[in-house]
Amino acid sequence: MTPGPTAAISPTGSCPRNAGSSAGPFCQTDSSLLATGRIEHSYGQYALADAHDVVIVPPGVSADNALGEPLGCVVEGLRRTPLDVGDRVAVVGAGFMGLCLLQLLRHSPTSQLIAIDPRQDAQEHAARNGADEAVTPQQAPDLAARNGTDGFDVVFEASGTQAGLDLATQLVRQHGTLSILGYHQQMRSVDMQQWNFKAIDVINAHVRDPQRIRESTRRGLDLVAAGRVDLGPLITHRYRLADLDRAFTDLSGKPDGFIKAVVEITH
């Protein structure tokens, strides 16, 4: 690959100037090469990436919209989750990944798209990013039973929490689909009795295959270029490298309005 074009890099490497937070850094070099991904040695001026992980960013896509790796993960999860025309869909968790998913789902032929999150600011973000309604976990069961149905056709769990996983199990209808997009970093328990009784399909929406994440990243960036996805407004906080500790504190504590942060590295 010759210097000059803008590119995005997924899981195995990237980076130099502007490093993003939780789901992976993105950066832009002086030669206008943009890279993004889950980088082991991030927050540095230079890093080495395998050329096979490079995805060229379409012309006109800004750095803020080129967060390729998290977008690719959401796209891959959606590609692996079957949706039918007229499905009632719920997204449990309206953080960055959940909001990306809502932006994608609002262009699908669903009959209802509900977002569920305990935080009021997250509900407001969800409504702006494609949800027909955004409610609390306590309000969700009433919506699931609306029109005499026994639940949603498809439920995406995007919270990464035990409570979110339990709620998703409760909300999905018999013979429906539960898609686990959330990143669960601890042991979880599942209500296997309910999974079995409801005869649901359970999708592990994570991806580990570099070719799959690269292809889904490419597809996601094409949607950005087409104006169907806009990640820029989801970046709500910016930090200098000297403020890295505060950035991770805010990432964990989620101050009001927090969705996604970037750490800007300058020479």
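Heavy-atom basis, side chains included; hydrogens, waters and symmetry copies ignored. Positions are given from 1, in the same order as the sequence printed here.
Residues Pro233 and Arg128 have side chains not in contact (no heavy-atom distance under 4.5 Å, counting atoms from C-beta outward). Counting heavy atoms from C-beta outward, Phe152 and Leu143 have side chains that approach closer than 4.5 Å. Taking the side chain as every heavy atom from C-beta outward, Leu165 and Ile180 approach each other to under 4.5 Å. Residues Tyr239 and Leu244 are not in side-chain contact: their nearest non-hydrogen atoms beyond the backbone lie 4.5 Å or more apart. Between Leu105 and Val91 the shortest side-chain heavy-atom distance falls below 4.5 Å.
Here the straight-line distance linking atom CG of Asp209 with atom OG of Ser216 works out to 10.0 Å at 0.5 Å rounding. Between Arg80 atom CZ and Leu181 atom CG the span is 10.0 Å, to the nearest 0.5 Å. Atom NZ of Lys198 and atom NE2 of His175 lie 12.0 Å apart (nearest 0.5 Å). Here the OG atom belonging to Ser111 is positioned 10.5 Å from the CG atom belonging to Asp84, to the nearest 0.5 angstrom. Here CD of Glu157 is found 9.0 Å from OG1 of Thr169. Values are rounded to the nearest 0.5 Å.
Remark: Gln194 CD is packed, more than 12 non-hydrogen atoms of other residues, nucleotides or ligands lying under 6.0 Å away.
Across all their heavy atoms, Thr81 and Ile203 have their closest contact at OG1-CG2, 4.2 Å. The shortest heavy-atom contact between Asp153 and Gly86 is OD2-O, 4.3 Å. Contact detail for Ser159 and Gly164: the closest heavy-atom pair is OG-CA, 3.3 Å. Listed here is the closest heavy atom pair of Asp121 and Gly257: OD2-N, 2.8 Å. Ala66 and Val57 get closest at one heavy-atom pair: CB-CG2, 4.2 Å. In terms of heavy atoms, Ala247 sits closest to Val263 at CB-CG2, 4.2 Å.
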Could you pull out every donor-acceptor pair under 3.5 Å between side chains of residues 221-230 and any protein atom, sequence neighbours left out?
| unit_1 | atom_1 | unit_2 | atom_2 | d |
| --- | --- | --- | --- | --- |
| Asp222 | OD2 | Arg218 | NH1 | 3.0 |
| Asp230 | OD1 | Asn65 | ND2 | 3.1 |
| Asp230 | OD1 | Gly232 | N | 3.3 |

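Side-chain heavy atoms closer than 4.5 Å link hydrophobic residues (I, L, V, M, F, W, Y) into clusters, and following such links, even through other members, never connects Ile116 to Leu104. When the side chains of ILVMFWY residues are joined at heavy-atom separations under 4.5 Å, either directly or via intervening members, Val74 and Phe96 end up in a single hydrophobic cluster. Residues Val135 and Leu102 are members of separate hydrophobic clusters, defined by side-chain heavy-atom contacts under 4.5 angstrom among Ile, Leu, Val, Met, Phe, Trp and Tyr. Under the 4.5 Å side-chain contact rule for hydrophobic residues, Leu113 and Leu83 share a cluster. Residue Ile200 is grouped with residue Leu167 when hydrophobic side chains (ILVMFWY) are merged at heavy-atom distances under 4.5 angstrom, including chains of intermediate members.
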Could you walk me through whether Leu67 and Ile235 pass the side chain to side chain contact (heavy atoms under 4.5 Å, CB included) check?
-> CA-CA 10 Å; Leu67 296 174; Ile235 298 176; 4.1 Å; yes
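Salt bridge absent: Arg212 and Glu215 never bring a charged side-chain N and a carboxylate O closer than 4.0 Å. Between Asp64 and Lys260, no side-chain nitrogen of the basic residue sits less than 4.0 Å from a carboxylate oxygen of the acidic one, so the salt-bridge criterion is not met. Between Arg146 and Glu133 there is a salt bridge, with a side-chain nitrogen of the basic residue lying less than 4.0 Å from a carboxylate oxygen of the acidic one.
Arg214 places no side-chain N or O within 3.5 Å of a backbone atom of Val55 that could act as its donor or acceptor partner. His206 contributes a side-chain N or O that, together with a main-chain N or O of Gly182, makes up a donor-acceptor pair within less than 3.5 Å. Gln103 places no side-chain N or O within donor-acceptor distance of the main-chain N or O of Gly130, the cut-off being under 3.5 Å. Listed for the Asp117 side chain is a donor-acceptor partner under 3.5 Å among the backbone atoms of Arg119. With hydrogens and angles disregarded, no donor-acceptor distance shorter than 3.5 Å links the side chain of Asn129 to the backbone of Leu99. Between the side chain of Thr249 and the backbone N or O of Asp245, at least one donor-acceptor pair lies under 3.5 Å. A donor-acceptor distance shorter than 3.5 angstrom exists from the side chain of Thr236 to the backbone of Ile259, with no hydrogens or angles considered. Of the possible donor and acceptor atoms, one in the side chain of Arg188 sits under 3.5 Å from a partner among the backbone N and O of Gly160.
Side-chain atoms of Thr149 and Arg88 form a donor-acceptor pair, as typed in the model, at a separation below 3.5 Å. For the residue pair Asp166/Gln162, the side-chain donor-acceptor check at 3.5 Å is satisfied.
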